[in-house]
Amino acid sequence: QVQLVESGGGLVQAGGSLRLSCAASVRPFSNYAMGWFRQAPGKEREFVAAVSRSGGSTLYADSVKGRFTISRDNAKNTVYLQMNSLKPEDTAAYYCAADHLGLVRPYAREYDYWGQGTQVTVSS
């Protein structure tokens with residue numbers, strides 16, 4: 001049973017920071033590219049960031065570039081999303097996802113496994 005479990009969400013003021021974590025039971029974890037997506041109420045799920053198998057290649061949505069950093073620790077089977085300079089428009093449920101083909105892509109349909117999400121709320 002593949003599981004992705006996100007944590008680290010919460011309520012933060014604009015300009016603040018949060019670090020999301022996603023613990024994965026996919027094996028071997030290092031074979032999977034990992035991504036973060038988010039979905040705000042009434043909106044479609046959108047790409048946030050993705051990281052390659054080794055962590056050496058990353059991809060970001062323009063809206064978070066320079067503020068968010070995706071990373072992974074293959075020894076801990078965990079992917080992270082460091083979010084700085086948060087804005088109210090970053091408010092959403094954040095989901096991590098795994099792609100068994102190991103490709104760094106921004107398309108939700110390409111990812112095989114998904115977590116249940118963690119809520120991030122940024123107050124103004």
Side-chain angles (χ1 to χ4, degrees):
Q1 182 78 7
V2 173
Q3 279 193 315
L4 301 177
V5 180
E6 303 95 336
S7 62
L11 173 64
V12 64
Q13 288 188 332
S17 297
L18 282 175
R19 188 196 196 200
L20 305 184
S21 299
C22 173
S25 69
V26 289
R27 296 287 188 275
F29 178 68
S30 58
N31 274 11
Y32 290 76
M34 299 297 295
W36 285 97
F37 291 77
R38 66 187 182 186
Q39 188 168 17
K43 295 188 176 181
E44 293 188 354
R45 190 167 297 192
E46 66 173 357
F47 171 73
V48 176
V51 62
S52 63
R53 291 165 168 166
S54 67
S57 178
T58 56
L59 181 68
Y60 295 93
D62 287 344
S63 59
V64 307
K65 203 172 294 184
R67 300 187 299 122
F68 291 10
T69 303
I70 188 171
S71 62
R72 66 189 295 162
D73 185 338
N74 286 344
K76 295 182 178 180
N77 286 11
T78 302
V79 62
Y80 304 98
L81 186 68
Q82 177 66 44
M83 306 186 295
N84 299 328
S85 303
L86 282 161
K87 305 175 181 180
E89 50 263 44
D90 294 318
T91 295
Y94 282 71
Y95 301 87
C96 72
D99 177 3
H100 81 283
L101 292 181
L103 301 175
V104 180
R105 297 180 288 188
Y107 310 112
R109 64 180 181 272
E110 304 293 351
Y111 287 77
D112 308 286
Y113 304 108
W114 291 83
Q116 293 300 306
T118 185
Q119 179 67 35
V120 171
T121 302
V122 185
S123 63
S124 57

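These numbers were taken from a predicted model, which means no experiment stands behind them. The analysis underlying the following values was restricted to heavy atoms, covering all of them including side chains, and did not include hydrogens, waters or symmetry mates.
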Student: Short question: side chain of Glu6, backbone of Cys96 - any donor-acceptor pair under 3.5 Å?
Tutor: yes
Student: Taking Arg67 for its side chain and Ser85 for its backbone only, find out whether a donor-acceptor pair lies under 3.5 Å.
Tutor: yes
Student: Checking ring-ring contact (aromatic ring centres under 6.0 Å, His included) for the pair Tyr111/Phe37: CA distance, chi angles, key distance, verdict?
Tutor: CA-CA 11 Å; Tyr111 287 77; Phe37 291 77; 5.2 Å; yes
Student: Work out which heavy atom in Leu18 is nearest to a heavy atom in Gly8; give both atom names and the distance.
Tutor: CD2-O, 3.8 Å
Student: Which word best sums up how the rings of Tyr95 and Trp114 line up, parallel for under 30°, tilted for 30 to 60°, or perpendicular for over 60°?
Tutor: perpendicular
Student: Using a 3.5 Å distance criterion without hydrogens, assess whether the side chain of Thr91 forms a donor-acceptor pair with backbone atoms of Thr121.
Tutor: no
Student: Does a salt bridge link Lys87 with Asp90, judged by any charged N lying under 4.0 Å from a carboxylate O?
Tutor: no
Student: How long is the straight-line distance from CZ of Phe29 back to CG of Leu4, given to the nearest 0.5 Å?
Tutor: 8.5 Å
Student: Does Arg105 make a cation-pi contact with Tyr107, if we ask for NZ or CZ under 6.0 Å from the ring centre and within 45° of the axis?
Tutor: no
Student: For a side-chain contact (heavy atoms from CB on, under 4.5 Å) check, start with the C-alpha distance between Leu20 and Tyr80, then their side-chain angles and the critical distance, and finish with the verdict.
Tutor: CA-CA 6 Å; Leu20 305 184; Tyr80 304 98; over 6 Å; no
Student: Please answer whether the main-chain N or O of Ala40 pairs with a side-chain N or O of Arg45 as donor and acceptor at a distance below 3.5 Å.
Tutor: no
Student: May I ask you to establish whether Arg53 and Tyr32 are in a cation-pi arrangement, using a distance under 6.0 Å from NZ or CZ to the six-membered ring centre and at most 45° from the ring axis?
Tutor: no
Student: Should Val5 and Gln116 be marked as a side-chain contact (heavy atoms from CB on, under 4.5 Å) after you check the CA-CA gap, both sets of side-chain angles, and the distance that decides it?
Tutor: CA-CA 7 Å; Val5 180; Gln116 293 300 306; over 6 Å; no
Student: Hey, could you give me the OG/CD distance between Ser21 and Gln82, rounded to the nearest 0.5 Å?
Tutor: 9.5 Å
Student: Do side-chain atoms of Arg38 reach the backbone of Ala92 as a donor and acceptor pair under 3.5 angstrom?
Tutor: no
Student: Mark yes or no for whether Arg27, through its side chain, and Ser25, through its backbone, hold a donor-acceptor pair below 3.5 Å.
Tutor: yes
Student: Please check if any side-chain donor atom of Thr78 sits under 3.5 Å from a side-chain acceptor atom of Asp73, or the reverse.
Tutor: no
